[in-house]
Every structure is written in structure tokens, then in C-alpha cells.
Amino acid sequence: MRFPGVYAEHGVFVCFEGGEGSGKSTQSRLLHEALTARGHRVLLTFEPGDTAVGKDVRRIVLSPETGDLDDRTEALLFAADKAEHIESMVRPALERGEVVITDRYVDSMLAYQGAGRVLDAAQLEEVARWATADLRPHLTVLLDLDPTAGFTRFEERDRMEQESVEFHQRVRSAFVALAERNPEHYLVLDARAPVEEIHEAVLARLEPLLTQAVTA
Ligand code: TMP
């Protein structure tokens with residue numbers, strides 16, 4: 001296999017994935033608070049847009065003013081955001097032994113650009129793995145939600161949110177298929193469950209991994 005997956009030796013890399021309105025940001029924040037309270041050093045971050053270059057990428061890929069973009073252009077912009085994010089923020093924090101919590105990562109690209117835009121899955125995965133030097137999360141938490149339940153905002157939708165329900169159904173199925181491909185590194189939860197219940201399930205699953213993380 002060309003890209004077998006690299007798991008950091010130090011620190012703990014946790015990723016939240018899911019469709020629009022699935023509660024990733026809330027759960028990332030709750031996990032950050034809980035682990036910080038236990039004395040862990042934690043980096044809470046997100047894609048796209050948490051680096052200086054990434055901010056510009058985020059504006060281009062998500063602003064409705066951008067209008068139509070070639071699908072490969074869009075994929076490469078998300079890949080550029082990932083490369084910068086991994087090398088300038090995520091990897092250094094892991095090397096310091098910290099817990100890194102990211103709101104979205106490679107699976108979002110495979111789901112949105114691969115399944116949503118219908119780009120060749122194998123080629124796209126090569127690009128995504130190359131951009132991130134194949135660094136994989138120790139745990140990806142997938143908050144699974146029917147897209148028709150996820151849209152609460154009907155105004156000011158960004159470029160992705162403006163896509164059809166069918167697009168978002170393809171995205172959802174792709175997320176689930178990615179989790180099924182590698183269950184050892186995934187926790188799939190029903191996003192409609194109570195916030196506190198989801199949070200407790202994430203903490204319980206993470207517990208054995210935390211031995212790899214430093215405390216402040
Ligand atoms: P969010 O940060 O509010 O979740 O918005 C990010 C949007 O960008 C969301 O619609 C998913 C999309 N996205 C991709 O299409 N590809 C990617 O690689 C990433 C990280 C996000």
C-alpha cells in the first residue's frame with residue numbers, strides 16, 4: 001500500500017468529523033475543556049482556516065461570492081490548507097506530546113470533494129495523504145446525522161451548505177464507509193443523542209490513548 005498511515009508516537013491526535021450541524025464544534029470544545037481541566041496540554045484547532053494562509057483558503061472555498069470553482073481546484077485548495085495546518089500547527093503540538101483536537105481533517109476532503117463532487121476516490125486520497133504526509137488521527141469521532149436534520153440555517157449558507165441534499169447524502173455515506181474501513185481508529189455516534197452523552201462516550205473511548213499525552 002502506497003500510504004499505509006502514520007500515527008504519531010507522541011501526543012494524541014483526535015479528529016471530529018460529520019456533516020453540517022452535527023455538533024462537531026460543540027463536542028470539540030467540550031473535549032478541550034474536559035482534558036484541560038485534567039491537566040493535559042491541548043491544542044483545539046479546525047480545518048479549513050486555522051493558519052494565516054488557511055484563512056484566505058477558507059474565504060475562497062466557502063464564500064458564495066467565489067461562485068463556481070473547478071472541482072480539482074477546490075480539492076487542491078483544501079489540500080493546501082491541510083499541508084500548512086499539519087506542518088505548522090498539528091505536528092509540532094504532537095511532538096510536544098500534546099493532545100490535538102481538530103474539527104475536520106482528511107475525511108472531510110474524501111467525503112465532500114470525493115463523494116460530494118464525485119472526484120476519483122483513489123486519486124483524491126493520494127493527494128490528501130501526500131498533503132498531510134499521511135499523518136492519521138489516533139481516533140476519529142464521526143457524528144453521524146441525516147443531512148435533512150442538519151440544516152438549521154436557511155440564510156447565508158456557504159458554498160458547501162448551498163449544495164443539494166443528494167450531495168450531502170453522498171457525503172454522509174462516504175463518512176460512514178471510511179469509518180467502516182478502519183473501525184479500530186473510529187468512534188461512530190448518533191449526532192442526535194444528548195450532547196453530554198456524546199461527550200461521555202468520546203471521553204471513555206479516548207481514555208486508553210491518553211497515556212501518550214503529557215500533562216501541563
Ligand atoms: P465548517 O468549518 O463550518 O464545518 O465548514 C467547513 C466546510 O468545508 C464544510 O462544509 C465542509 C467543507 N470541507 C471540505 O469540503 N473539504 C475539506 O477538506 C474540509 C476540511 C472541509
Side-chain angles (χ1 to χ4, degrees), residues 13-29 32 44-51 53-90 100-121 123-137 140-176 178 191:
F13 188 15
V14 188
C15 171
F16 283 89
E17 292 282 13
E20 318 297 325
S22 56
K24 290 176 291 82
S25 308
T26 304
Q27 290 299 332
S28 309
R29 192 173 33 77
H32 178 253
L44 176 61
T45 184
F46 62 92
E47 292 187 0
D50 205 17
T51 62
V53 164
K55 277 192 184 63
D56 286 341
V57 172
R58 184 177 177 96
R59 182 184 48 74
I60 295 167
V61 288
L62 295 186
S63 168
E65 282 171 26
T66 300
D68 285 342
L69 269 182
D70 175 76
D71 291 345
R72 280 176 298 164
T73 307
E74 181 184 283
L76 288 168
L77 285 166
F78 277 110
D81 173 76
K82 285 180 208 309
E84 192 61 22
H85 187 219
I86 282 295
E87 292 312 319
S88 72
M89 291 182 74
V90 174
V100 176
I101 304 168
T102 183
D103 182 345
R104 296 195 184 280
Y105 186 48
V106 165
D107 284 12
S108 279
M109 182 161 152
L110 304 180
Y112 283 80
Q113 281 64 56
R117 299 293 186 214
V118 198
L119 288 171
D120 182 281
Q123 287 180 349
L124 187 75
E125 184 157 8
E126 288 241 340
V127 172
R129 301 296 178 204
W130 177 75
T132 56
D134 207 14
L135 186 68
R136 311 263 177 126
T140 295
V141 179
L142 172 58
L143 299 177
D144 181 44
L145 185 65
D146 179 342
T148 53
F151 286 113
T152 47
R153 279 189 293 155
F154 289 94
E155 287 163 17
E156 293 181 38
R157 286 186 177 184
D158 67 32
R159 276 183 73 253
M160 296 297 163
E161 291 166 341
Q162 286 175 356
E163 286 300 330
S164 65
V165 172
E166 292 72 27
F167 174 100
H168 288 282
Q169 295 283 13
R170 290 197 297 279
V171 169
R172 180 195 190 184
S173 303
F175 275 133
V176 172
L178 286 163

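Computation of the quantities below employed the complete heavy-atom set of this structure, encompassing side-chain atoms and omitting hydrogens, waters and symmetry-equivalent molecules. When a ligand or atom number is given, it counts from 1 through the structure's own listing order. Remember, it's a predicted structure, so these values are computed and weren't measured experimentally.
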Under 4.0 Å from ligand 1, counting heavy atoms only, is it the side chain of Arg104, its backbone, both or neither?
-> side chain
In Å, rounded to the nearest 0.5 Å, how long is the span from OG of Ser22 to CG of Asp146?
-> 12.0 Å
Return yes or no for this condition: an N or O of Gln113 is under 3.5 Å from an N or O of ligand 1.
-> yes
Take atom CG in Asp70; do more than 12 heavy atoms of anything else shown fall under 6.0 Å from it?
-> yes
Mark yes when over 12 heavy atoms from residues, nucleotides or ligands other than Gln162 sit less than 6.0 Å from its CD; otherwise mark no.
-> yes
Are any of the heavy atoms in Lys82 under 4.0 Å away from ligand 1?
-> yes
Would you check whether Arg58 reaches within less than 4.0 Å of ligand 1, judged by its heavy atoms?
-> yes
Is it the case that more than 12 heavy atoms not belonging to Arg72 sit under 6.0 Å from its CZ atom?
-> no
Part of Glu20 within contact of ligand 1 (heavy atoms, under 4.0 Å) = side chain
So, does Lys24 sit close enough to ligand 1 that a heavy atom of it is under 4.0 Å from the ligand?
-> yes
Do the two ring centres, one from Phe13 and one from Tyr105, sit under 6.0 Å apart?
-> yes
Option nearest atom 21 (C) of ligand 1 (shortest heavy-atom distance, choices Tyr105, Phe78, Phe16, Tyr112) = Phe78
Within reach of ligand 1, part of Leu62 (heavy-atom separation under 4.0 Å) | side chain
Show the numbers, then the answer: is there a salt bridge (Lys or Arg N to Asp or Glu O under 4.0 Å) between Arg159 and Glu74?
-> CA-CA 11 Å; Arg159 276 183 73 253; Glu74 181 184 283; 3.1 Å; yes
